[in-house]
Structure formats: C-alpha cells, structure tokens
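Whatever order the structure lists them in is the order used to number ligands and atoms, beginning at 1. Computed from a predicted structure; not experimentally measured.
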Amino acid sequence: MINIELSKRQQQIIEIVKEQEPITSEQIAKLLNVTRATLRPDLAILTMSGILDARPKVGYFYSGKSEANLFTQQIKNVKVSDIMSVPSIVSEETPVYEAIVTLFLEDVGTIFVVSKGSLVGVVSRKDFLKSAIGGIDINKVPVGMIMTRKPNIITVMGDENALHAAVKIIEHEVDSLPVVEKTMVEDKEHLKVVGKVSKSNITKLFVELCKD
Ligand code: ADP
C-alpha cells in the first residue's frame, strides 16, 4: 500500500464501503451527514490510491486487491524527484515589482522566497493581487512582506511518493509545493529548495501513466 495519511473521514468512508458495497457517493454522504461535494476530494484520493474501486452507475467497492492495481503500482514507483521541475526563487528583499516581473518572465504562478539560502516563504498570484488591491508601493515593499511564511509552508521531499505530493496539493488547496532538503544548522531547521512540484507536474504524470 502507498504510505498516505488518511483522514478520519476517509477511514470512515472505507469502513462504510467495506460493510455496504456497492454503495453510491450519495448514500455515503447521507450516512456521514455531509454533502456529496464535500466527499468528492476524499473519494478521489481513495480511488486514486487504489483503496476503493468506483464503477459508474453502480457505486464504490472496497478493493482489497489494491496491490494488483497496475495504475497504483506504477504510481507507487514514482518519486517527487522524478517529476519535479526547476523552481523560481527570489530573495526576501526583492521588491514586489521585480518578483512580479520574475513571475511573468519565468512563466510561473508561484515563487519561492529564500533568505541566506534557506526557504522562508512562498508568494503566488493571489498574494500579488492582494498587495495591488491594498495599494502598497510595489517598488519599495519587499516580497518578504507579502509572502506566506514559515512555518505555514507546505513542503515535500524528493524521495516522497508523487501521490503524497498530489494529496498535499489537494488537501492544502495550493498550486505547488517546494521540494526541499532538510538539515539542522545550529538547532535551526534549514530548508534548501531543490525543486518544485505543481499541479502541472502531477497532470503530466497522470497523462504519462495513462499512455502506458
Ligand atoms: P494562486 O495565488 O495562483 O491562486 P495558490 O492557490 O497556490 O496560487 O496560492 C494561494 C495562497 O496559498 C497564497 O497566499 C500563497 O502564498 C499560498 N501558498 C501557495 N503555495 C503554498 C505552499 N506550498 N505552502 C503554503 N502556502 C502556499
């Protein structure tokens, strides 16, 4: 099995499906007292990881035989380092204006912010829009003032499973994750950015696996 952390609700869904298969998402939603829309990401994760099987117009089955699921097995072999791309990085002092130029020139939606070679923040399209609406002087204000900062940054490591990265992207509702190497320097965690894994990388992987 792929080593993904299942939420309490995902575990409840598995138990329900085990007992009542085949069962539709509507019926599961009713039993859990939530809407179908709420369940959608959970069901996507459980079927993507091969724990549940979905048959159109029939419903969900518990797939005790997930090891036999070829797609799952293939995903299991893919690591974040296999699919990551080159990250766009700026330093904390970079003016917002320059960071926006970087965003356009490098054709990305998210930029990672570093200080002394260590990851300190993430800045994305919405942050730039917010700062523009807020009326700040984008030539003067540094990107460090508008970024999402540590410890609120969701990261991933190169040797983690690609599926695990996809789950983090969905759960935290972000477009991309910095791929980091963690070391301790004088009792402080040092995060070296070595790559980036985004929704695009995951989509490409999905297409590649389906081709096979
Ligand atoms: P966009 O701004 O293009 O919609 P996101 O949905 O990824 O992109 O970003 C939404 C918010 O989440 C922004 O405030 C951004 O700083 C933050 N964010 C983006 N990526 C991460 C991440 N890996 N960890 C924590 N916060 C992030």
Side-chain angles (χ1 to χ4, degrees), residues 2-5 7 37-38 40-42 44-45 48 75 78-184 188-206:
I2 291 171
N3 183 20
I4 53 172
E5 290 156 30
S7 68
T38 312
R40 208 168 288 135
D42 291 323
I45 287 166
M48 259 170 62
I75 293 185
V78 182
K79 293 206 179 321
V80 164
S81 56
D82 298 328
I83 60 163
M84 68 187 188
S85 48
V86 179
S88 295
I89 297 175
V90 296
S91 71
E92 226 181 348
E93 307 80 40
T94 311
V96 168
Y97 176 88
E98 262 181 52
I100 294 174
V101 172
T102 306
L103 191 93
F104 280 108
L105 288 180
E106 302 193 6
D107 195 14
V108 292
T110 309
I111 299 176
F112 304 138
V113 184
V114 298
S115 172
K116 297 183 196 115
S118 193
L119 178 72
V120 289
V122 173
V123 64
S124 72
R125 282 172 284 220
K126 244 173 256 150
D127 301 317
F128 290 125
L129 289 172
K130 253 188 254 160
S131 67
I133 291 174
I136 61 157
D137 184 347
I138 59 172
N139 287 295
K140 290 217 179 93
V141 173
V143 86
M145 290 284 290
I146 67 158
M147 68 189 185
T148 300
R149 60 186 62 247
K150 238 179 134 183
N152 297 325
I153 311 174
I154 314 301
T155 62
V156 73
M157 308 236 259
D159 61 0
E160 275 183 61
N161 194 273
L163 179 63
H164 202 179
V167 169
K168 283 186 182 177
I169 286 176
I170 293 174
E171 277 184 350
H172 296 280
E173 296 179 347
V174 292
D175 285 354
S176 69
L177 307 173
V179 184
V180 296
E181 276 170 17
K182 290 185 191 177
T183 47
M184 293 302 282
K188 269 186 94 181
E189 191 185 56
H190 172 85
L191 300 179
K192 182 182 172 198
V193 183
V194 294
K196 162 177 145 169
V197 60
S198 67
K199 285 181 181 169
S200 304
N201 300 112
I202 303 290
T203 310
K204 277 184 206 152
L205 170 65
F206 180 80

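Closer than 4.0 angstrom to ligand 1 lie heavy atoms from Val122, Ser124, Arg125, Lys126, Asp127, Thr148, Asn152, Ile153, Ile154, Glu173, Val174, Asp175, Ser176, Leu177, Pro178.
Judged purely by atom type and a 3.5 angstrom limit, Asn201 uses its side chain to pair as donor or acceptor with the backbone of Ile83. Here the side chain of Ser115 pairs no donor or acceptor atom with the backbone of Glu92 at under 3.5 angstrom.
By the side chain to side chain contact (heavy atoms under 4.5 Å, CB included) test, Lys204 is found to be paired with no residue, residues two or more places apart in sequence or in another chain being considered. For the salt bridge (Lys or Arg N to Asp or Glu O under 4.0 Å) test, no residue two or more places apart in sequence or in another chain qualifies with Lys188.
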Name the atoms and distances for all side-chain donor-acceptor pairs under 3.5 Å in residues 99-113, with sequence neighbours left out.
{"residue": "Thr102", "atom": "OG1", "partner": "Glu98", "partner atom": "O", "Å": "2.9"}
{"residue": "Glu106", "atom": "OE1", "partner": "Ser88", "partner atom": "OG", "Å": "2.5"}
{"residue": "Thr110", "atom": "OG1", "partner": "Ser176", "partner atom": "OG", "Å": "3.4"}

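Side chains of Thr203 and Ser200: no donor on one and acceptor on the other come within 3.5 Å.
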